[in-house]
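A quick write-up on the structure given underneath.
What you see is a predicted model; the values in this text were computed from it and never measured.
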Amino acid sequence: MPTSSLRILLITPPLTQLNTPYPATAYLKGFLGSRGYSVTQADLGLELVLKLFSQTGLARVFAAIEAGGFDLSDNAKRMLRLRRSYLSTIEPVIRFLQNKDNTLAPRICHSRFLPEASRFDNVADLESAFGTMGLTDQARHLATLYLEDLGDLIKETVGPQFGFSRYAEKLAMSATTFDGLQEALDAPANLLDQMLLELLDELVARTEPDVVGFTVPFPGNLYGAIRLAGRVKELRPTAKTLMGGGYPNTELRQIKEPRFFNYIDFLTLDDGEGPWLRLLGHLREEKERRYAPALERHAELVEASLPLANPNLVGEAVEMLRQAQHDELINHQLPFQRTFLRNETGEVVYVNQPFPDIPHPEVGTPDYSDLPLTEYLSVIEVLNPMHRLWSDGRWNKLTVAHGCYWKRCSFCDVTLDYISRYETAPSTLLVDRIEQIVRQTGQTGFHFVDEAAPPLALRDLAIELLKRQVNITWWGNIRFEKTFSPDLCRLLAASGCIAVSGGLEVASDRLLALMEKGVTIAQVARVTDGFTQAGIMVHAYLMYGFPTETAQETVDSLEVVRQLFGAGIVQSGYWHRFSMTAHSPVGKNPEKYKVQPIGPEPGPFAWNDLWHDDPTGTDHEQFGPGLAKALYNYLHGVALQEPLSFWFDFRVPKPTVPRHLIQQALQEPVKPDFAKQNQRLFWLGNAPELTLEAGKKGPRAVLTFYEQAEDFEVKVPAAIGQWLQELLSGLTADYDTKVLLKDAARTFPQGQNFEQFLQSQSWQLLREKGLLIL
């Protein structure tokens, strides 16, 4: 029986992003499809939102509120009075956010088209935020506020667990026991649950799956997944349910709770490709009932090899083998990998046979078929430019490498597979995948979702994209390490990079060393300057509350952040409060970091986020609001000259950081080109045209460059002109041959001084126009 005999359904439960599909099911579908399996996938989070925010869906919401006897706030009462306005505008607004009717933008911005509730009370100065030309963006922001008003109404009444990027998230947060989830699952389904189950009923009736898999990347996906899995059990009792994803990988690694397996048959950890191959192989064999034919064949072999044996003994041997097969099933000595299940005695067991992991180059290309790519919503929740990338526009998700090449940060889950196992794929294969995804989706935007994309892999990817003339727009997460030279930043920009995000974390060299970030403040300044000069937006992850962090260090960190924004080399940022996790170096060795874990105690269900005391640090909690307020103003270029005490309602120490720390770092001398002999030359421009003209000191060469924005000329001695023309023409035509600076030096015309030429205005002009040393 072919592998396609198993009907597989992959589901993303509510809720993740509204603007683009979460990539887990697309990755798994692409991999399983390459192995011969037939797979259907669905994003029930998106489908729930579209069902809810329709005229029919909202009518059900308003009817349920009126019948429910809720104690309503004034804001909710106002929205009920505007019921007709909401019902008449909801579907046009959804079409607008799906980019299907952009002509609605002027009405949203310049007329009383949208009913307004509390989210509009603190609307930003849209003129300054979006400018006079940003009409569509301004309308998208207002339409997002309109949806959030409706979300607030739903949360206050018929769907208390609702959130636009999460669903019943609190039930999964620090859930050391299953009791809270079980209580919610046993309760009557609320209106949103009913809508979700209606969608599942239609999906299951259409696909008739034998296997249903749920990806649970975040706590806000867990309740929806379990609720849906329970419904699958009712609709198709013989179907097997599987779960994997980021939440199980971090929270459920020690699960002992048997009630969870009333809903989920198999829970897999880490990358799903290997565990799914083993599970599907077993389920296919189980479905095909292959044990009986194998036993019959064994009997035939025994009889053929022992023609003089006692037939009774042969029969006994066959029966012994049959019993051994049965015992193997009972004891779950099965070819599973990183898989939890419940055995016949009701105990949760973990089976992890020593199969090799699927190498990163073999995981295949994500397959987005089945997903309604034109139905996703482009929303603008906040005016932070980097946060906009996360929520606005449809981005294809792809990884440059598996895991993290650094994997030392003490606050990170570096002991887990998704970070600790680092593997790369050839740039040629990555661009093959990119081209395949573009053909399938029609979209050329890519978000590289690596923990930290490796700079050399990004360099090779950029060169391959330029070589093949594959035009994409991309962004991703990096480390602010010195390998990202200004020239590499320019190369990445030329290949389509528009933004990077990276962890500055705590802007204190002492704490950066304690975190083992492997960077310094001065280094971060130079790297972010290189990206900014290349036209790439920089977002900085910032952290406060790291173990032993003092009030002085917190204030000093804010001063460094102020200087980074003041210098214009960081354009976006976000403060995160430090969280201690069980799988990080801090969580595994709290004594080293002088913190005291105070709970929660491990339970039978989830365990990852740890509570802790920091007796040697400051009162971190009180700094949060002031840090957030300062950062919001800094990214809008406001109040950069205010004293830092301005942002806090309590006394804080004065910063001890020099006021010109960042400027001094940017002014440090850089290595001259002549000292880069072993680095590669790369030319971003076109091949020049060469002409000769008479000069006072003999004939001179004129190299004319015709480029996208402007043409320019370089004038050099005739001998150097011929050398330059050959060098740049070769670099333009041949991306595969690596020409090092020392290789170019060997062919430099005799009698000319190469080092002196590298300091000339002609060479500097070429460097400015796109001659890179990588």
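With sequence neighbours excluded, the residues that form a side-chain contact (heavy atoms from CB on, under 4.5 Å) with Asp743 are Val739, Leu740, Arg746. Here Arg700 pairs with Glu693, Lys715, Pro717 under the side-chain contact (heavy atoms from CB on, under 4.5 Å) rule; sequence neighbours left out.
Asn396 and Arg433 share no donor-acceptor pair across their side chains, judged by distance under 3.5 Å alone. Using modelled atom types and a 3.5 Å distance limit, the side chains of His539 and Ser572 yield a donor-acceptor pair. Using a 3.5 Å distance cut-off with no hydrogens or angles, the side chains of Tyr27 and Thr365 do not pair a donor with an acceptor. Under 3.5 Å, the side chains of His402 and Asp450 contain no donor-acceptor pair of N or O atoms. Side-chain contact check for Asn477 and Ser501: at least one donor-acceptor pair (N or O, by modelled atom type) lies under 3.5 Å. Side-chain contact annotation: Glu755 with Asn753, donor-acceptor N/O pair under 3.5 Å absent. Looking only at atom types and distance, the side chain of Thr136 has no donor-acceptor partner in the side chain of Asn102 under 3.5 Å away. For the residue pair Tyr405 and Glu481, a side-chain donor N or O sits within less than 3.5 Å of a side-chain acceptor on the partner.
At a threshold of 4.0 Å, the pair Arg388-Glu381 does not count as salt-bridged, since none of the basic side-chain nitrogens sits closer than that to a carboxylate oxygen. A salt bridge does not link Lys407 to Glu516: none of the charged side-chain nitrogens sits closer than 4.0 Å to a carboxylate oxygen. Using a 4.0 Å cut-off between charged nitrogen and carboxylate oxygen, Glu668 and Arg526 count as a salt-bridge pair. Salt bridge annotation for Arg421-Glu423: present, with a cationic side-chain nitrogen under 4.0 angstrom from a carboxylate oxygen.
Annotation: side chain of Ile434 is in contact with side chain of Phe446 (closest heavy-atom distance under 4.5 Å). Within the 4.5 Å cutoff, the side chain of Trp475 has no heavy atoms near those of the Phe448 side chain. Counting only heavy atoms from C-beta outward, the side chains of Met515 and Cys409 never approach each other to under 4.5 Å.
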**Report entry** Stepwise ring pair (Phe, Tyr, Trp, His ring centres under 6.0 Å) check, Phe531 with Phe484
**Finding:** CA-CA 8 Å; Phe531 278 113; Phe484 286 107; 5.4 Å; yes

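In this structure a side-chain-to-backbone donor-acceptor pair under 3.5 Å is missing from Thr444 to Ile472. One N or O on the side chain of Thr747 and one on the backbone of Ala744 form a donor-acceptor pair closer than 3.5 Å. Between the side chain of Trp683 and the main chain of Asn686, a donor-acceptor pair closer than 3.5 Å is present. Side-chain atoms of Thr532 come within 3.5 Å of backbone N or O of Ile569 as a donor-acceptor pair.
Among Phe757, Phe674, Trp763, the single residue meeting the ring pair (Phe, Tyr, Trp, His ring centres under 6.0 Å) criterion with Phe748 is Phe757.
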